[in-house]
Amino acid sequence: MEQNTLEISHLTVSFPTDRGGFRPVNDVSLTVRKGQIVGLVGESGCGKSMTARAVMGLIRSPGKVTGGQILLEGKDLLALNGKEMRSLRGNELAMVFQDPMTSLNPVVPVGKQVEEAILLHRRVSREEARKRTLEAFRNVGISEAEKRSRSYPHELSGGLRQRVMIAMAMVCCPRLLIADEPTTALDVIMEAQILQLMRQMRDRGTSILFISHNLGVIAQLCDYTCVMYAGRIAEQGDTRELFERPVHPYTRGLLGAVSSLDRKGEELETIRGSVPAPGSLPAGCPFGPRCGLCDETCRGACPEPREISPGHIVRCFHAGEVPV
Ligand SMILES: Nc1ncnc2c1ncn2[C@@H]1O[C@H](COP(=O)(O)OP(=O)(O)OP(=O)(O)O)[C@@H](O)[C@H]1O
Ligand code: SF4
Ligand SMILES: [Mg+2]
């Protein structure tokens with residue numbers, strides 16, 4: 001059987017609080033198969049970036065991973081020390097961060113930063129590193145690559161900085177790329193170009209975990225999709241199956257699927273209420289206060305994940321039911 005690129009099982013990240021701590025990532029399990037682009041989608045604050053940072057070994061204190069396992073091609077990432085993790089990052093494992101300014105060095109020209117990344121991980125001359133950098137800049141559609149490579153991050157637009165980050169991720173052909181909202185700062189044309197780059201990377205052997213709050217982008221790009229809510233994965237499945245047959249009330253709400261599938265002719269339903277504040281989750285199912293199907297069972301316990309068809313997993317006591 002083909003090995004999976006990334007296998008996250010029961011991952012939990014905790015932050016201490018006065019009231020005993022909160023878990024921005026809570027019992028998350030997901031797999032990125034070789035050659036796949038897997039989407040992670042959900043409203044702001046649901047734990048997408050925190051999941052990504054956990055995989056990269058970049059959870060900042062006082063937060064920490066308090067449970068679960070992360071395997072990269074079978075290698076147990078949580079068992080690695082800082083040095084081993086640093087050598088993986090930028091090599092087998094790369095991430096494009098939500099805010100490129102925080103991950104680029106403000107006082108070093110961007111071309112030099114990409115060169116350094118190549119020199120750190122590959123035995124090549126500086127001249128070769130420079131050549132590869134300019135090639136990568138051209139590949140990601142940075143015009144006047146020579147000139148731009150001498151620019152400092154603050155001299156570039158948000159879109160160009162994002163491209164520099166993607167070029168940096170691409171130069172080392174990582175096994176896994178985590179792209180955290182890589183197109184949020186961009187216009188539609190640039191967005192389409194970045195999505196095309198993601199597909200090219202996948203075709204060259206990089207598996208991708210693609211984070212977004214944009215369902216349209218996820219639908220276009222991802223083979224498999226995980227919908228996250230309040231630190232947990234509410235529903236996951238093949239993208240087509242999930243978009244055509246969503247069964248979790250949250251996914252249906254996000255997709256407006258309740259109205260389009262079951263109540264033809266009525267107005268699109270938006271999800272009432274808002275995401276619970278960190279550390280103040282309701283008892284039972286975290287989606288309960290916003291859910292039209294919530295009952296005593298839901299208020300009594302948090303539903304466990306159930307596989308309802310191959311690869312389609314849902315956390316809901318009333319999956320697939322229609323509100324009365
Ligand atoms: N350094 C931190 N310390 C404590 N809590 C944090 C920290 N960073 C994020 N959080 C909290 O952890 C939760 C998950 O945050 P995360 O950044 O993973 O959300 P997200 O899904 O990426 O949201 P967005 O779509 O806005 O990027 C949020 O409730 C957030 O407030
Ligand atoms: S478990 Fe209950 S409250 Fe939670 S999403 Fe399902 S029906 Fe709604
Ligand atoms: Mg985020």
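Computed from a predicted model, the values in this text were never measured in an experiment.
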With a 4.5 Å heavy-atom cut-off, do [X] and [Y] have their side chains touching?
{"X": "Asn105", "Y": "Val107", "answer": "yes"}
{"X": "Ile59", "Y": "Met50", "answer": "yes"}
{"X": "Met168", "Y": "Val110", "answer": "no"}
{"X": "Cys316", "Y": "Pro249", "answer": "yes"}
{"X": "Leu77", "Y": "Leu93", "answer": "yes"}
{"X": "Glu181", "Y": "Ser49", "answer": "no"}
{"X": "Pro174", "Y": "Met201", "answer": "yes"}
{"X": "Met95", "Y": "Asp180", "answer": "yes"}

Which value, rounded to the nearest 0.5 Å, describes the distance between [X] atom [atom1] and [Y] atom [atom2]?
{"X": "Lys83", "Y": "Met85", "atom1": "NZ", "atom2": "CE", "answer": "15.0 Å"}
{"X": "Leu78", "Y": "Ile70", "atom1": "CG", "atom2": "CD1", "answer": "4.0 Å"}
{"X": "Leu281", "Y": "Cys302", "atom1": "CG", "atom2": "SG", "answer": "9.0 Å"}
{"X": "Cys173", "Y": "His121", "atom1": "SG", "atom2": "NE2", "answer": "12.5 Å"}
{"X": "His312", "Y": "Arg306", "atom1": "NE2", "atom2": "CZ", "answer": "10.0 Å"}
{"X": "Ile218", "Y": "Leu254", "atom1": "CD1", "atom2": "CG", "answer": "11.0 Å"}

More than 12 heavy atoms of other residues, nucleotides or ligands under 6.0 Å from CZ of Arg33: is that the case?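 Incorrect, the count does not exceed 12.
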Does atom CZ of Arg23 have more than 12 heavy-atom neighbours, drawn from other residues, nucleotides or ligands, at distances under 6.0 Å? no
Using 4.0 Å as the upper bound for N to carboxylate O, is an ion pair formed by [Y] and [X]?
{"X": "Lys131", "Y": "Glu128", "result": "yes"}
{"X": "Glu135", "Y": "Arg138", "result": "no"}
{"X": "Asp223", "Y": "Arg202", "result": "yes"}
{"X": "Glu155", "Y": "Arg150", "result": "no"}
{"X": "Glu116", "Y": "Arg126", "result": "yes"}

Flag, side chain of [X] to backbone of [Y], donor-acceptor distance under 3.5 Å:
{"X": "Ser29", "Y": "His10", "answer": "yes"}
{"X": "Thr12", "Y": "Thr66", "answer": "no"}
{"X": "Ser207", "Y": "Leu176", "answer": "no"}
{"X": "Lys48", "Y": "Leu40", "answer": "no"}
{"X": "Asp238", "Y": "Glu241", "answer": "no"}
{"X": "His248", "Y": "Arg315", "answer": "yes"}
{"X": "Gln113", "Y": "Leu104", "answer": "no"}
{"X": "Arg163", "Y": "Gly141", "answer": "yes"}
{"X": "Arg232", "Y": "Asp27", "answer": "no"}

By ring pair (Phe, Tyr, Trp, His ring centres under 6.0 Å), which residues pair with Tyr250, not counting sequence neighbours? Tyr229, Phe287
Testing the basics here: between [X] and [Y], what is the closest heavy-atom pair and its distance to 0.1 Å?
{"X": "Val96", "Y": "Ala169", "result": "CG2-CB, 4.1 Å"}
{"X": "Met198", "Y": "Ile208", "result": "O-CD1, 3.3 Å"}
{"X": "Tyr152", "Y": "Pro106", "result": "CD2-O, 3.7 Å"}
{"X": "Asp76", "Y": "Leu71", "result": "CA-CD2, 3.6 Å"}
{"X": "Ala219", "Y": "Phe243", "result": "CB-CE2, 3.6 Å"}
{"X": "Ala129", "Y": "Ile118", "result": "O-CD1, 3.5 Å"}

Among residues at least two apart in sequence or on other chains, which ones pass salt bridge (charged side-chain N to carboxylate O under 4.0 Å, His left out) with Glu235?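 Once residues adjacent in sequence are excluded, Glu235 has no partner under the salt bridge (charged side-chain N to carboxylate O under 4.0 Å, His left out) criterion.
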Can you name the residues that form a side-chain hydrogen bond (donor to acceptor under 3.5 Å, both in side chains) with Thr239, not counting sequence neighbours?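 Here the qualifying residues are Thr225.
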Gln162 and Met190: side-chain contact (heavy atoms from CB on, under 4.5 Å), yes or no, with the steps? CA-CA 10 Å; Gln162 200 64 271; Met190 279 210 204; over 6 Å; no
Worked verdict on Phe97 versus Ile178 for side-chain contact (heavy atoms from CB on, under 4.5 Å): CA-CA 8 Å; Phe97 288 87; Ile178 303 181; over 6 Å; no
Cluster link [X] to [Y], ILVMFWY, side chain under 4.5 Å:
{"X": "Val314", "Y": "Leu255", "value": "no"}
{"X": "Ile308", "Y": "Ile233", "value": "no"}
{"X": "Val247", "Y": "Tyr224", "value": "no"}
{"X": "Ile194", "Y": "Val114", "value": "yes"}
{"X": "Leu58", "Y": "Ile211", "value": "yes"}

Show your working on salt bridge (Lys or Arg N to Asp or Glu O under 4.0 Å) between Arg299 and Glu296 and close with a plain yes or no. CA-CA 5 Å; Arg299 282 186 282 271; Glu296 279 314 307; 3.1 Å; yes
Candidate pair Cys226 and Val38, rule side-chain contact (heavy atoms from CB on, under 4.5 Å), full reasoning: CA-CA 8 Å; Cys226 305; Val38 171; 4.1 Å; yes
Side chains of Asn91 and Arg175 only: does a donor on one sit below 3.5 Å from an acceptor on the other?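 Their side chains do not contain a donor-acceptor pair, so the 3.5 Å distance test is not met.
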Evaluate side-chain contact (heavy atoms from CB on, under 4.5 Å) for Leu30 paired with Leu209, printing each intermediate quantity in order. CA-CA 10 Å; Leu30 69 88; Leu209 181 63; 4.2 Å; yes
